[in-house]
Amino acid sequence: MKGKHISGQSVLLYLEEGRYVYQAEYGSGAAKDLEIAKNLAMLESFPPSNRQGALLDWTWKVIE
């Protein structure tokens, strides 16, 4: 699954061993719940000093 912010930032999520793994510009990690993994990925797409509004204006697509 790929997420894209209107600013051009993007994140990648994929299922691995029952966990949703995410890769973002400022961090990576995993969560058992897809929505939690999405939110963490969106936050870690922006620098810690500029995360206000990071959870807004995202679109998501399932990629194969």
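These values consider heavy atoms only, across backbone and side chains, with no hydrogens, waters or symmetry-generated copies.
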I'd like to know if [Y] and [X] are part of one continuous hydrophobic network [Ile/Leu/Val/Met/Phe/Trp/Tyr, side-chain heavy atoms within less than 4.5 Å].
{"X": "Y14", "Y": "Y20", "value": "no"}
{"X": "Y26", "Y": "W58", "value": "no"}
{"X": "V62", "Y": "I36", "value": "yes"}

Nearest 0.5 Å, please: how far is [atom2] in [Y] from [atom1] in [X]?
{"X": "D57", "Y": "Q9", "atom1": "CG", "atom2": "CD", "result": "13.0 Å"}
{"X": "F46", "Y": "M42", "atom1": "CZ", "atom2": "CE", "result": "10.0 Å"}
{"X": "L12", "Y": "I63", "atom1": "CG", "atom2": "CD1", "result": "5.0 Å"}
{"X": "K38", "Y": "W60", "atom1": "NZ", "atom2": "CH2", "result": "6.0 Å"}
{"X": "Y22", "Y": "S45", "atom1": "OH", "atom2": "OG", "result": "9.5 Å"}

Exercise for the section: Spell out, as yes or no, whether a donor-acceptor pair under 3.5 Å connects the side chain of R19 to the backbone of A31. Expected result: no
Problem - Heavy-atom donor-acceptor pair, H5 side chain to L56 backbone, under 3.5 Å - result: yes
Practice task
Determine, step by step, whether K4 and V11 satisfy the side chain to side chain contact (heavy atoms under 4.5 Å, CB included) criterion, reporting the C-alpha distance in whole Å, the side-chain angles of both residues, the deciding distance to 0.1 Å, and the verdict.
Solution key: CA-CA 7 Å; K4 187 166 184 164; V11 296; over 6 Å; no
Problem - S10 and K2: CA distance, side-chain angles, deciding distance, side chain to side chain contact (heavy atoms under 4.5 Å, CB included) verdict - result: CA-CA 7 Å; S10 64; K2 186 172 184 178; 4.0 Å; yes
